[in-house]
**Q** 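The structure is given below, and queries will be raised subsequently.
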Amino acid sequence: MSFKVSATYQGARAASLATNHGILQTPFFMPIATRGAVKHLANSDFATIQNQILLANTYHLYLRPGLEVLKKCGGLHGLMNWQKPILTDSGGFQVFSLAALRKITPDYVIFNSHIDGRELKFTPELSMEIQAAIGSDIQMCFDYFSGYPATRKETEYSVKLTTAWAKRCKYYLSLSSGHPSPNRGGKEGEVFGIVQGGTFPDLRKQSAQELVNIGFNGYAIGGLAVGETPQEMYTMIEAAVPELPADKPRYLMGVGQPEQILEAVKLGVDMFDCVLPTRNARHGQVYIHPSPLRRGEGGEVVAPDLSMVNYQKINLTGSVYATDLQPLDSYCQCSTCTSGYSRAYLRHLFSVNEALAQRLATVHNVYFYVQLMRDIRAIIMKSSHL
RNA sequence: GGGCAGGUGGCGGAGCGGUCAAUCGCACUUGGCUGUAAACCAAGCAGCCUCUGGCUUUCGGGGGUUCGAAUCCCUCCCUGCCCA
């Protein structure tokens, strides 16, 4: 994999990242397709949104459809007929989010399946095996995040386990390098380590250093946006980034609101994912541009100096939209907005619980996020002094 | 005309002498969702106020019993089913 920085501005960088399924332009946002689908979206939607990549989940795809189906169907690319890159989360987040359903040991994690309760023994090696079967272009190490708030002792353990498991992931891949997954066209996938360290800057640094010593194709910062303040989050990013090699991509996992993404980009982060645009869309909350704004007619979503994102969140289920016939977002070029669907109609669809409501809103929100990243990248490219 | 069963907050439906401004569900209103067990969760939902409390008016209408009534009695109105 090659990662090449082509422009920098205000601490932000624009780069290209080559994968088995094409070259990614950073910074980018990954819509989340946990179970092999971005909820409510079809491939035809991706064609208009033009997202470069999807994120899928190891734990969820292991439960269904399972390893055998993935192997026989050409991995997730084959199953979905999605030919662009896929990044897979390792299942590490489920150790946190499904905490009530698992037991953790230094060597493995036992999950009780949230589907049928059966026991699943998850190891770093199994996570890598599943990600290979998925045909993941960018694999994540199986990590351990202790939750928030966490004591220093708990966080130290989280870092310790994450480093130990990262070594096992790397070792497993070195063993299997002679037998690359056919679902990746016979090529190796890339592997990212995940920095933990909770809200302790020194542990963040330590975690980053330990992972860099092992050596990965890129580095993620995990365990953030889970209850700490945005300022604490930025502080943790600032602690970790200097320890990470400048010639490798950086990925802030699970973040976040548009302004948080912008801030992180300026702190040197290249990759993002978050459930907010999709989940909020399903719940009737959409990201829009203030109404005077028109693309190409002055006024920008992202300030030319990257100082702010000009947007607002509105709740379409609100009674104020009952007869609001204006387009959802006259600035937006997504298929929902260019089709002229009004806020009143969307509000109606939500109130009668029509699936179309969630589909239209999801298209819009995902487009908003993907376009936000395109705008940020354009500013970096334009203003770069590199 | 006779018999039986009922009339409770926007709707459905509990309660059947005090702990009832009235369980619960739906609808409605407003919030929140950050590597997705999430088309979910939370709060509010008679009115007013000096709002971790107080006051006023509510359970078809009217009257009564009682210290106290959505709950018991009388009467009227209305609804459903059965009989004529």
Side-chain angles (χ1 to χ4, degrees), chain A residues 29-41 53-61 63-64 87-102 111-117 120 127 131 136 138-145 147-148 162 192-196 219-230 232-233 250-261 263-264 269 271-287 313-322 347 349-362 365 369:
Chain A
F29 177 80
M30 300 179 273
I32 300 189
T34 299
R35 305 188 295 188
V38 176
K39 297 183 193 303
H40 292 97
L41 298 190
I53 178 171
L54 292 174
L55 180 151
N57 185 276
T58 299
Y59 169 86
H60 289 279
L61 291 175
L63 262 57
R64 296 179 300 197
L87 179 147
T88 43
D89 188 24
S90 60
F93 188 72
Q94 278 61 46
V95 176
F96 161 66
S97 66
L98 300 178
L101 300 175
R102 55 75 174 161
F111 285 101
N112 282 107
S113 159
H114 72 281
I115 309 290
D116 57 14
L120 305 162
S127 177
Q131 293 183 70
S136 173
I138 303 173
Q139 308 171 88
M140 303 305 298
C141 283
F142 191 59
D143 65 327
Y144 172 57
F145 161 52
Y148 178 89
T162 295
F192 282 28
I194 302 175
V195 175
Q196 289 296 342
Y219 299 88
I221 301 171
L224 290 176
V226 288
E228 82 285 3
T229 66
E232 280 182 293
M233 176 172 80
R250 301 168 189 142
Y251 164 28
L252 178 59
M253 305 185 81
V255 175
Q257 298 290 359
E259 68 277 12
Q260 296 169 345
I261 288 179
E263 194 60 34
V269 177
M271 304 162 55
F272 300 86
D273 78 283
C274 190
V275 303
L276 280 175
T278 43
R279 181 182 292 166
N280 283 350
R282 268 175 277 128
H283 298 167
Q285 190 168 82
V286 292
Y287 295 82
K313 275 188 296 187
I314 64 171
N315 197 331
L316 279 174
T317 59
S319 53
V320 291
Y321 300 110
R347 139 109 181 158
L349 293 177
F350 271 108
S351 82
V352 296
N353 201 25
E354 280 292 340
L356 180 59
Q358 305 186 309
R359 177 168 146 64
L360 294 175
T362 300
N365 275 359
Y369 265 69

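Chain naming here is simple, since letters A, B, ... match the order of the sequence lines and numbering starts at 1 in each.
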**Q** Search all heavy atoms of A/Met140 against all heavy atoms of A/Ala220 and return the closest pair with its distance.
**A** CE-CB, 3.4 Å
**Q** If the C1' atom of B/A42 is compared with that of B/U65, how far apart are they to the nearest Å?
**A** 46 Å
**Q** For A/Phe93 and A/Tyr59: C-alpha separation, side-chain torsions, deciding distance, then whether ring pair (Phe, Tyr, Trp, His ring centres under 6.0 Å) applies.
**A** CA-CA 9 Å; A/Phe93 188 72; A/Tyr59 169 86; over 10 Å; no
**Q** With rounding to the closest Å, how many angstrom separate the P atoms on B/G25 and B/G31?
**A** 23 Å
**Q** Taking atom P in both B/A70 and B/C33, what distance in whole Å separates the two?
**A** 43 Å
**Q** Got a sec, which residues hit side-chain hydrogen bond (donor to acceptor under 3.5 Å, both in side chains) with A/Ser351, two or more places apart in sequence or on another chain?
**A** none
**Q** How far does the P atom of B/C73 sit from the matching atom of B/G17, given to the nearest Å?
**A** 11 Å
**Q** Tell me: CG of A/Leu55 to P of B/U36, nearest whole Å?
**A** 6 Å
**Q** Go through the structure and list residues passing salt bridge (Lys or Arg N to Asp or Glu O under 4.0 Å) with A/Arg359, not counting sequence neighbours.
**A** A/Asp45
**Q** Given the P atoms of B/C55 and B/C41, what is the spacing between them in whole Å?
**A** 37 Å
**Q** Only counting residues at least two apart or in another chain, list the ones meeting side-chain contact (heavy atoms from CB on, under 4.5 Å) with A/Gln260.
**A** A/Pro230, A/Met233, A/Tyr234, A/Val255, A/Gln257
**Q** Which label fits A/Phe192 and A/Tyr251: parallel for a plane angle under 30°, tilted from 30 to 60°, or perpendicular past 60°?
**A** perpendicular
**Q** Kindly express the pairing pattern of RNA chain B in dot-bracket notation, using | wherever a base pairs with another strand and counting only Watson-Crick or G-U pairs under 3.5 Å.
**A** ((((((((.[[[..)..(.....]]].(((((.......))))).((((...))))...[[[[[..)....]]]]]))))))).
**Q** May I ask you to say what A/Leu252 touches in the nucleic acid, namely base, sugar-phosphate or nothing, with a heavy-atom cut-off under 4.0 Å?
**A** nothing
**Q** Send over the distance from A/Gln358 CD to B/A39 C1', rounded to a whole Å.
**A** 4 Å
**Q** Under 3.5 Å, is there a donor-acceptor pair linking the side chains of A/Thr162 and A/Gln196?
**A** no
**Q** Donor-acceptor pair under 3.5 Å: do we get one between A/Asn57's side chain and the base of B/G35?
**A** no
**Q** Side-chain donor-acceptor pairs under 3.5 Å in residues 34-41 of chain A, sequence neighbours left out?
**A**
from: A/His40; atom 1: NE2; to: A/Gln358; atom 2: OE1; distance (Å): 3.0

**Q** Any base atoms under 4.0 Å from A/Phe145, or only sugar-phosphate, or nothing? Heavy atoms, all strands.
**A** base
**Q** Take A/Phe142 and A/Val95, measure what side-chain contact (heavy atoms from CB on, under 4.5 Å) needs, and give me the verdict at the end.
**A** CA-CA 10 Å; A/Phe142 191 59; A/Val95 176; 3.8 Å; yes
**Q** What string of B, S and - do you get for nucleotides 25-34 of chain B, 5' to 3', when a contact is any protein heavy atom under 4.0 Å?
**A** ----SS-BBB
**Q** Between B/G54 and B/G63, how far apart are the P atoms? Round to whole Å, please.
**A** 30 Å
**Q** Distance check needed: B/U36 P versus A/Arg64 CZ, whole Å only.
**A** 16 Å
**Q** Would you indicate what A/Leu101 reaches in the nucleic acid, counting non-hydrogen atoms under 4.0 angstrom: base, sugar-phosphate, or nothing?
**A** base
**Q** Applying a 4.0 Å non-hydrogen cut-off, can you work out what A/Gln196 is touching in the nucleic acid: base, sugar-phosphate, or nothing?
**A** base
